[in-house]
There are 2 protein chains.
Amino acid sequence: MPVTIRDVARASGVHISTVSRTFSAPHLVNPETRVRVLACAEDLGYRPNRAARALITGRTHNIGLIIADIANPFFPPLIKAAESQARHRDYHVFVADTNEDAAAEEELVHALAKQVDGVLLCSPRMSNSLIEQLSREVPLVVVNRQLAGLPCVLMDVGQGARSAIEHLAGLGHREIALLGGPRGSWTSREIRRAAGAAARTAGAELTVLGPNPPTEHGGLAQAEQVRRAGVSAVLAYNDLMAIGLLEGLDALGVAVPQEVSVVGVDDISLSRLTRPKLTTVATPTAAAGRTAVDMLLQHDTDLPRTGRAGGAGTTVGVRRTTAQVMLQTELVIRDSTGPGPYAGRERPGATAEGPGPHRRADPGGPRVAAGDVVAS
Amino acid sequence: MPVTIRDVARASGVHISTVSRTFSAPHLVNPETRVRVLACAEDLGYRPNRAARALITGRTHNIGLIIADIANPFFPPLIKAAESQARHRDYHVFVADTNEDAAAEEELVHALAKQVDGVLLCSPRMSNSLIEQLSREVPLVVVNRQLAGLPCVLMDVGQGARSAIEHLAGLGHREIALLGGPRGSWTSREIRRAAGAAARTAGAELTVLGPNPPTEHGGLAQAEQVRRAGVSAVLAYNDLMAIGLLEGLDALGVAVPQEVSVVGVDDISLSRLTRPKLTTVATPTAAAGRTAVDMLLQHDTDLPRTGRAGGAGTTVGVRRTTAQVMLQTELVIRDSTGPGPYAGRERPGATAEGPGPHRRADPGGPRVAAGDVVAS
DNA sequence: TTGAAAGCGCTAACAC
DNA sequence: GTGTTAGCGCTTTCAA
């Protein structure tokens, strides 16, 4: 039933190889013939079978997107942007959800490897060494994880965390808690590192609570601890946890920002909808998706091929660049942060308001500066 | 570089067809041979190439998921559930976003047709006749659209809208507005139909505002109209619009629920986070995703094959069932609805609180009754 | 510029 | 129970 290259050949009175050329190397075919073939193809509704084509060219024109948790509102904008970018380049996208599970990630890379030209690993939970190993099986681009020798798309959450801490310190907070993210998260470590350093500089004390699941519930569950810790401000690993914390504090009768200030990370769309509206570090998710796809498909000419073109037994020259792109983040100040117990008093070191890209509230325009290529 | 069936055959000293059988019909191969082959395969890290297999079997073990807007929080839980269900059955999932565009939907079905065993069309914007036509190209299951002759997964938003109107009428609201959804949406028509009927029965007047884009902005943009319309309650096409409306009303200084009550549809996770918390019609999104995949893969034995098995020129007996499943919805009453101007007064027809599945607030357990098979 | 032929990795008759 | 063979739909030398 489905129409094949042979049907088109028959209808247009040429050999199948001519039809093939019409689609994959049109300049090699007589214009008149081309027109005729194209007309017949159109007529019959012919579309080349990509799987069959892949078998011989070694290029599937598919990519894989491996996501820790599709339902986490951080990811859909990334998926959407990546898919859109891929489709513009005539690629189709497999999406798979790992439920934050490292083993599932590994299995998925194996399973997808033969069907795709490359895989985007988003916020992986696997070990670095495993990722490196898998990258020998299929081209990988890693999002939200820094790995020497592999192409990575990073968001500068370190800078973001620093801005957040400086913002809090500037408001007069000296005892600050950090709600850590999940184990195995590069982002979480990065935030912790930068927040710790910034706190030291600002003369504030940072208490780390966690690791926690990166969910609303993860934040909610720490509300009690936060109160006990006696801090006046909290930086959460992500907005979801911050929002959960907001709920938890509300339930405990702790007023935000009067008694405790809360800052999140990501600026997911909900963050403008909570009461109080959440102060957060905006993260360029869509840009990350687009960039990652671009990096994966950069030289879509020299992705690996299994076809004969490479010569028997020869490993084809896969010129893999390992550029790492760092995307800017930005602190968006809303209503969940306010003056702390030391407001107005002099503060050791630092100026009234720390450096770094801050912004008072909204609207929705593009907030992402172009990424810096950090290495290549 | 990638290891093929031939490598395994060589390593285990058997013919490639034996290796093939080991994977696709293990019972036809001598247990000892099987063990040996399996061991070699494991050793070499062999995985059958699905694309090559598909070429001859006609079964790709892939499905397509076509989504109006991945960033709309209604969809991620559906995608997640569908992907998970598919993977349990050893299928991989292509996800594509149409940006609410009918033409993109059509193009995607064509483009994906050859690479998948079936496609899930989620909240399509295409015409019924086009969908029917496309269903001859590739097996389709339609979510959120009723179409005679095609397998559909529906959510009973009609019942939901009815419950919502009855709830509002019971609270003493007589002038109610309906914020319509996007053109081409079955759900929107269905809500409108049922809400209209319920309003008539309850002796209330329903003003329809729209169509609107199914986004926060769509709701926000109607806040002024809502105030002008002089209604005391609003039912919105979905939670996103309801939330936008909440913001808009807040900006206009209109108190919810004191001056205007607001009800949404979907119960997306944000709905518990707004202030006031949103009263809404909960929609079993995850169940819909799972169910749709199950329906698509129901007889995964008699999905169409292009292989020789069907005999030359014979259309293979695709036994397509056209079961339609209707999933229950449930009104979840939170804080965005309150007494209306006619509260306490007698009301024409109806009892104090209309029938239908209501519920006062949360928690998160399963709320979905098993679907009713409406037809087959 | 076009056709003939080989073959990508795999499965499915059919022999043995 | 296993090997032989043909061929899925397509691309790509190689000759003509």
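Below, chain A is the first sequence line, B the second, and so on; all start at residue 1. Bear in mind the structure is a predicted one, so any value in this text is a computation, not a measurement.
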Write down the distance between [atom1] ([X]) and [atom2] ([N]), rounded to a whole number of angstrom.
| X | N | atom1 | atom2 | answer |
| --- | --- | --- | --- | --- |
| A:Arg6 | C:dA5 | CZ | P | 14 Å |
| B:Arg53 | D:dG7 | CZ | C1' | 17 Å |
| B:Arg10 | D:dT2 | CZ | P | 19 Å |
| B:Tyr46 | C:dG9 | OH | P | 10 Å |
| B:Leu55 | D:dG9 | CG | C1' | 5 Å |
| B:Arg34 | D:dT2 | CZ | P | 10 Å |

May I ask you to decide whether A:Glu83 forms a salt bridge with A:Arg87, counting only side-chain N to carboxylate O separations under 4.0 Å? yes
For B:Asp69, is there an ion pair with A:Lys80 - N to carboxylate O distance below 4.0 angstrom? yes
Go through the N and O atoms of the side chain of A:Arg21 and the base of C:dG3, and report whether any donor-acceptor pair is under 3.5 Å. yes
Can you tell me which nucleotide in D:dG3, C:dG9, D:dT2 comes closest to the side chain of B:Thr33? D:dT2
Heavy atoms under 4.0 Å, any strand shown: does B:Thr4 hit a base, just sugar-phosphate, or nothing? sugar-phosphate
Base, sugar-phosphate alone, or nothing: which one does A:Phe23 contact when heavy atoms must sit under 4.0 Å apart? nothing
What's the shortest heavy-atom distance between B:Pro76 and A:Ala71, and which atoms? CB-CA, 4.3 Å
Would you say a side-chain N or O of B:Ser20 is under 4.0 Å from OP1 or OP2 of C:dA12? no
Are B:Glu132 and B:Leu147 side-chain neighbours, meaning at least one heavy-atom pair lies under 4.5 Å? yes
